[in-house]
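Order of the sequence lines sets the chain letters (A, B, ...), proteins ahead of strands, with each chain counted from 1. Everything quoted here is computed from the prediction, not taken from an experiment.
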Amino acid sequence: MSTTATRDLPCQQIVELVTDYLEGAMDAPLLASFEAHLAGCPHCTHYLEQIEATIRVAGTITAEDLVPEFRAGLLEAFHEFRQH
Amino acid sequence: MSLPPDEDAPLLDALRAGDERAFAALVDKYGPSLLRLAQLYVSSRAVAEEVVQETWLAVLTGIERFEGRSSLKTWLFRILTNKAKTRGQREGRTLPFSSLASDGDEDQTAVAVERFARGGAWATPPRGVPEERLLAGETRARVEQAISALPPNQRAVITLRDVDGLSAEEACNVLGLSETNQRVLLHRARAKVRTALERYLEDA
């Protein structure tokens, strides 16, 4: 949980707090200060949007399917297991 | 505290009853992610496949005693990381997770210091996100590339959280990390991938 005095934070500090913000790991005074900064700072808002875009794009990555031989091998192992 | 219902409860019940289709469904659902995770710990795809196979056998052996206090997904991924770590150690690989908080880049900042003026306001600010370009396959490829260039522990955290969609708590349990370490690794990982994404979007 991040805690800081509630004075206005510089942009350079805001970018280091973005993950705490998105993870819900800020106490109330810091959250208020963070959100007040964002409201008045289009640059940090863009930064946050880019982080959110990064997360969104990452969420569209899919792992390669298992190669058919390997998948078949796993199912075979299942059968063998069931027989013991 | 009651647990949320496990999304895999029906498959789990069917697997307990020995249903092959349930096993195949779980293999198809989680096999690719397990294989990707295993490859962070061991030297080759072939060894990673063995680790994945061992994991499924451990699941079949352990399923009777599995009480569902963690989700099936967490249990499965945790078995995988245990086995992959053991295997990686036996191979003499330096363990990416041995010193978790430190990956040699403590000094790192989310954004290059040159982009700020003295006093910490933006000097070279980021621009808005061109939403229409985010859906392009090329953008996804760049993000994927940036993720694979990360140190293994950052890569494991961002992959579990943002690619596989695990919660923070699940990722901590799977990787054996404290909440704080998990968050630090996620922060560094996302910051680097964002930098790559920004560079790509601005170049074109």
* Asked: Where is the tightest heavy-atom contact between B:Ala24 and A:Arg71, given as atom of each residue plus distance?
  -> CB-NH2, 3.8 Å

* Is the CD atom of B:Glu169 crowded by more than 12 outside heavy atoms at less than 6.0 Å? -> no

* Structure fact -> Interface check, chain B: of A:Asp65, A:Thr62, A:Ile51, most non-hydrogen pairs under 4.5 Å belong to A:Ile51

* Measuring heavy-atom distances to chain B, does A:Thr45 have an atom under 4.5 Å in its side chain, in its backbone, in both, or in neither? -> neither

* Asked: With only heavy atoms counted, which part of B:Arg161 is less than 4.5 Å from chain A, the side chain, the backbone, both or neither?
  -> side chain

* Asked: Where the side chain of A:Glu16 meets the backbone of B:Ala110, is there a donor-acceptor pair that is under 3.5 Å apart?
  -> yes

* Asked: Do B:Glu49 and A:Val67 come close enough that some side-chain heavy atom pair is under 4.5 Å?
  -> yes

* To do: Examine whether an atom of A:Glu23 lies under 4.5 Å from a heavy atom of chain B, and if so say whether it belongs to the side chain, the backbone or both; otherwise answer neither.
  => side chain

* Structure fact -> Greatest number of non-hydrogen atom pairs under 4.5 angstrom with chain A, of B:Arg142, B:Glu20, B:Arg115, falls to B:Glu20

* Structure fact -> Per-residue tally against chain A (heavy atom, under 4.5 Å) across B:Gly18, B:Ala196, B:Ala121 peaks at B:Gly18

* Structure fact -> Taken to the nearest 0.5 Å, the spacing of A:Thr54 OG1 from B:Glu198 CD works out to 9.5 Å

* Before giving the answer on side chain to side chain contact (heavy atoms under 4.5 Å, CB included), spell out for A:Leu22 and B:Arg190 the whole-Å C-alpha distance, their side-chain angles and the decisive distance to 0.1 Å. => CA-CA 12 Å; A:Leu22 293 174; B:Arg190 282 179 179 168; 4.0 Å; yes

* **Residues B:Val113, A:Gln12; criterion side chain to side chain contact (heavy atoms under 4.5 Å, CB included); working and verdict** => CA-CA 8 Å; B:Val113 290; A:Gln12 199 167 7; 3.8 Å; yes

* For side chain to side chain contact (heavy atoms under 4.5 Å, CB included), just list the numbers for A:Gln50 and B:Leu197, CA-CA rounded to whole Å, side-chain angles, deciding distance to a tenth of an Å, and then say yes or no. => CA-CA 8 Å; A:Gln50 288 188 356; B:Leu197 177 65; 5.6 Å; no

* Asked: What distance separates B:Trp122 CH2 from A:Cys41 SG, expressed to the nearest 0.5 Å?
  -> 8.5 Å

* Structure fact -> Given B:Leu186, B:Val129, B:Asp162, the one with more heavy-atom pairs under 4.5 angstrom with chain A than any other is B:Asp162

* Structure fact -> If one checks every heavy atom of B:Thr159 against chain A at 4.5 Å, the contacting part turns out to be neither

* To do: Tell me, with the steps shown, if B:Glu131 and A:Arg56 meet side chain to side chain contact (heavy atoms under 4.5 Å, CB included).
  => CA-CA 11 Å; B:Glu131 289 294 328; A:Arg56 224 154 51 233; 2.8 Å; yes

* **Which portion of A:Ile14 sits near chain B, non-hydrogen atoms under 4.5 angstrom** => neither

* Side chain, backbone, both or neither: which part of B:Arg45 has an atom under 4.5 Å from a heavy atom of chain A? -> side chain

* Contact origin within B:Gln182 toward chain A - heavy atom pairs under 4.5 Å -> side chain

* Asked: What residues, two or more places apart in sequence or in another chain, satisfy ring pair (Phe, Tyr, Trp, His ring centres under 6.0 Å) together with B:Phe66?
  -> B:Trp75

* Asked: For B:Glu179, is it the side chain, the backbone, both or neither that has a heavy atom under 4.5 Å from a heavy atom of chain A?
  -> neither

* Asked: Considering residues, nucleotides and ligands other than B:Glu132, do more than 12 of their heavy atoms fall under 6.0 Å from its CD?
  -> yes

* To do: With a 4.5 Å cut-off on heavy-atom pairs, point out which of A:Glu52, A:Glu80, A:His79 contacts chain B the most.
  => A:His79

* Which portion of B:Arg140 sits near chain A, non-hydrogen atoms under 4.5 angstrom -> both

* **For chain A, which residues of residues 26-35 of chain B have heavy atoms nearer than 4.5 angstrom** => B:Val27, B:Asp28, B:Gly31, B:Pro32, B:Ser33, B:Leu35

* Interface moiety of B:Ile147 toward chain A, non-hydrogen atoms closer than 4.5 Å -> side chain

* Would you say B:Arg16 has more than 12 foreign heavy atoms packed within less than 6.0 Å of its CZ? -> yes

* Asked: Which atoms form the tightest heavy-atom contact between A:Ala53 and B:Leu134, and what is the distance?
  -> CB-CD1, 3.6 Å

* Asked: Is the closest side-chain heavy-atom distance between A:Ile61 and B:Arg36 below 4.5 Å?
  -> yes

* For B:Phe23, enumerate each residue passing the ring pair (Phe, Tyr, Trp, His ring centres under 6.0 Å) test, keeping only those at least two apart in sequence or located in another chain. => A:Phe78, B:Trp56

* Asked: Taking only residues two or more places apart in sequence or in another chain, which ones pass ring pair (Phe, Tyr, Trp, His ring centres under 6.0 Å) with A:Phe70?
  -> none

